[in-house]
Amino acid sequence: MPAKGKHRRPKSLALGRGFVAAGTGGAAALALPLLGATSAHAAAPAAAPAAPQQLAQAVQAAQVAAQSTEAKRAAKPAPRVYTVVAGDYLAKIAHNKNVKGGWKKLYADNRQVIGDDPSLIHPGLKLTLGAKNSAKYGAEKKAAPKAAAKAAPKPKAKPKAAAETRASRSAAKTTAPAKAAAPAASGYTSPVAAGVTTPYRASGSMWSSGYHTGVDFAAGSGSTVKAVGPGTVVSAGWSGAYGNEVVIKHTDGNYSQYAHLSSLSVSAGQTVSGGQQIGLSGSTGNSTGPHLHFEIRTAPGYGSDIDPLAYLRSHGVSI
């Protein structure tokens, strides 16, 4: 029949193509998981070393931190060292070098090289500032004489100075007033009713300047201390090595200083008259016992001292 002559594709071919497509689809479907699996297996070796790499980085960071700590320790500055010169005392050094804790901290850190008396420092002594001194007391004593020899009086002068000191003390015992003297006509008087124990300019290594810058009166603790003449209080309070002190400017332009007081009765800016109580004697500051350290100065600060007894006598005070 003519119909049979038409070109038709057998169903089997269609089915075959269908299977091929299906097969192709199946193959594709199978290929995709395989590719994914292959990619996963390919990526695994790259990800595996991550943990060892992190460990290595941590070890390296620890090493860097340790090196930094060691470097900081090595870079830590050494304690500052100060060499004592003539005119020094602990309070002055602590103030000039900004020692935290003041002269007491300076003394505590250097006590093993200074000794039991904080006032006995001498030129050439090496002090650490703000840190404990590791030197030994004996070693410093051996080295000190060489440095101190330049500033200390010559050995030949010592017996003379000692003789003068004994003579001055003897004279003080016989001439010192037993009772408080009334102000002279000039309005001036003795600062305390006691005799002189250490005269002006007495030499010795116990004073950082090499000599005594004032006179010491044998005033027991709590004795009345008076202004020697009329004037104005320049300062009244703590002054390091001098302890509690009062400084007065007098009408003639000179200054009087009263040190180691146990208490104060005046304040800065106050006007006082000769014979007026300004405080009580004591043993504050660098002091070995109760007494009054008294100075006359041409300026308010340390280093401008003049003979205090000669000054008082020039104002009519019998002493």
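Atoms considered below: every heavy atom in the structure, side chains included; atoms not considered: hydrogens, waters and symmetry mates.
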Co-membership, hydrophobic cluster, residues Leu90 and Val81, 4.5 Å side-chain
no
What pairs with [X] under side chain to side chain contact (heavy atoms under 4.5 Å, CB included), at least two apart in sequence or on another chain?
| X | answer |
| --- | --- |
| Asp307 | Tyr200, Leu309, Ala310 |
| Thr271 | Thr232 |
| Ala94 | Val99, Trp103, Leu106 |
| Ser304 | Arg297, Thr298, Ala299 |

Distance in Å, [X] [atom1] paired with [Y] [atom2], rounded so as to fall on 0.5 Å steps:
| X | Y | atom1 | atom2 | value |
| --- | --- | --- | --- | --- |
| Tyr82 | Leu125 | OH | CG | 11.0 Å |
| Ile248 | Thr251 | CD1 | OG1 | 11.5 Å |
| Thr197 | Asp216 | OG1 | CG | 4.5 Å |
| Asn98 | Ile93 | CG | CD1 | 13.0 Å |
| Ser283 | Leu292 | OG | CG | 12.0 Å |
| Phe294 | Thr213 | CZ | OG1 | 12.0 Å |

What's the shortest heavy-atom distance between [X] and [Y], and which atoms?
| X | Y | value |
| --- | --- | --- |
| Gly274 | Thr189 | C-CG2, 4.4 Å |
| Ser273 | Ala227 | O-CB, 3.7 Å |
| Ser221 | Gly282 | OG-CA, 4.2 Å |
| Ala236 | Ala268 | CB-N, 4.2 Å |
| Val266 | Gln277 | CG1-O, 4.1 Å |
| Ser190 | Val317 | N-CG1, 3.8 Å |

Ignoring hydrogens and geometry beyond distance, is a side-chain donor-acceptor pair present between Asn286 and His260 at under 3.5 Å?
no
Assess, by modelled atom type and distance only, whether the side chains of Ser256 and His250 contain a donor and an acceptor separated by less than 3.5 Å.
yes
Which residues end up grouped with Leu280 if you chain together Ile, Leu, Val, Met, Phe, Trp and Tyr wherever their side-chain heavy atoms are less than 4.5 Å apart?
none
My understanding is that a hydrophobic cluster links ILVMFWY residues whose side chain heavy atoms are under 4.5 Å apart, including indirect links. Using that, what else belongs to the cluster containing Val247?
Val234, Tyr255
Go through the steps for Val246 and Leu261 under the test side-chain contact (heavy atoms from CB on, under 4.5 Å), then give the verdict.
CA-CA 8 Å; Val246 173; Leu261 304 179; 3.9 Å; yes
Hey, could you give me each pair passing side chain to side chain donor-acceptor pair (under 3.5 Å) that has a residue in residues 237-247? Not counting sequence neighbours.
Ser239-Glu245, Tyr242-Glu295, Glu245-Gln257
So, using salt bridge (charged side-chain N to carboxylate O under 4.0 Å, His left out) as the criterion, who are the partners of Lys132 when residues are at least two apart?
none
Mind running side-chain contact (heavy atoms from CB on, under 4.5 Å) on Val228 and Tyr258 for me, showing each step along the way?
CA-CA 10 Å; Val228 295; Tyr258 315 76; 3.4 Å; yes
Side chains of [X] and [Y]: does their closest heavy-atom pair fall under 4.5 Å?
| X | Y | value |
| --- | --- | --- |
| His315 | Asp252 | yes |
| Val113 | Lys126 | no |
| Val59 | Gln57 | no |

Does any N or O in the side chain of Ser287 come within less than 3.5 Å of the main-chain N or O of Thr284, such that one atom is a donor and the other an acceptor?
no
Look at the side chain of His291 and the backbone N and O of Gly289, then say whether any donor-acceptor pair between them is shorter than 3.5 Å.
yes
Mind checking side-chain hydrogen bond (donor to acceptor under 3.5 Å, both in side chains) for [X] and listing every partner two or more places apart, or none if nothing turns up?
| X | value |
| --- | --- |
| Thr128 | Asn110 |
| Ser281 | none |
| Lys105 | Asp109 |

Derivation of the side-chain contact (heavy atoms from CB on, under 4.5 Å) call for Ile296 and Asp305
CA-CA 6 Å; Ile296 293 294; Asp305 51 276; over 6 Å; no
With Phe217 via ring-ring contact (aromatic ring centres under 6.0 Å, His included) - residues at least two apart
none
